[in-house]
Amino acid sequence: MQAAGHEVVICTAPINEYQYCVPEKYEWVEEHLGMEWTRRMVVTKDKTLVYGDVLIDDRPEIHGHRQRAVRAAGQPHAGVAQQAGGGGR
């Protein structure tokens, strides 16, 4: 996707009891994708506040403040099944 000129970022939502959640997300990304990807992370409880062309997520529906605006703008959301053993919420 980057080679095609798209800016790729990781948008992740912490769980409500997040004392360790956020640092663990950064550690996971660094371990599995490399330090460079930690600089491309956006941590937010509301993914609708992050604008992009496509959102690939393990949730079939994304809810938030801009939900109607995102749908009206035609931002695609590709809900994908979470892989077994993957990090969940």
Side-chain angles (χ1 to χ4, degrees):
M1 292 181 82
Q2 289 176 296
H6 297 282
E7 179 183 7
V8 179
V9 298
I10 298 171
C11 184
T12 185
I15 59 174
N16 289 330
E17 301 295 327
Y18 65 89
Q19 180 178 357
Y20 302 106
C21 179
V22 174
E24 287 174 351
K25 285 178 179 281
Y26 276 92
E27 289 170 7
W28 188 96
V29 168
E30 182 180 353
E31 179 181 338
H32 295 278
L33 303 176
M35 179 61 84
E36 174 187 341
W37 282 96
T38 63
R39 292 185 278 281
R40 297 179 185 198
M41 288 179 63
V42 176
V43 180
T44 178
K45 290 296 289 177
D46 184 352
K47 292 180 183 179
T48 67
L49 296 175
V50 179
Y51 180 78
D53 295 324
V54 177
L55 172 64
I56 300 171
D57 202 283
D58 59 349
R59 290 182 174 233
E61 288 287 326
I62 301 299
H63 301 281
H65 290 95
R66 292 191 58 241
Q67 185 171 359
R68 287 186 187 144
V70 167
R71 285 186 180 155
Q75 180 178 352
H77 170 247
V80 295
Q82 184 176 346
Q83 294 181 355
R89 294 188 237 293

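Side-chain contact annotation: Asp46 with Thr48, donor-acceptor N/O pair under 3.5 Å present.
Of all heavy-atom pairs spanning Cys21 and Ile15, the tightest one is SG-N, 3.5 Å. Annotation for Thr44 and Cys11: closest pair CG2-SG, 3.9 Å, computed over non-hydrogen atoms.
Remark: Glu36 engages Arg39, Arg40 in a side chain to side chain contact (heavy atoms under 4.5 Å, CB included) (not counting sequence neighbours). With sequence neighbours left out, the side chain to side chain contact (heavy atoms under 4.5 Å, CB included) criterion links Tyr20 to Glu24. Residues satisfying the side chain to side chain contact (heavy atoms under 4.5 Å, CB included) test with Val8, not counting sequence neighbours, are Met1, Gln2, Trp37.
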Check: Given the rule in the side-chain contact (heavy atoms from CB on, under 4.5 Å) test, do Val42 and Lys47 qualify, once you have shown the distances and angles that lead to the verdict?
Finding: CA-CA 9 Å; Val42 176; Lys47 292 180 183 179; over 6 Å; no
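A distance of 7.5 Å separates CD1 in Ile10 from CH2 in Trp28, rounded to the nearest 0.5 Å.
Each of Leu33 and Val9 belongs to its own hydrophobic cluster when Ile, Leu, Val, Met, Phe, Trp and Tyr are linked at side-chain heavy-atom distances under 4.5 angstrom.
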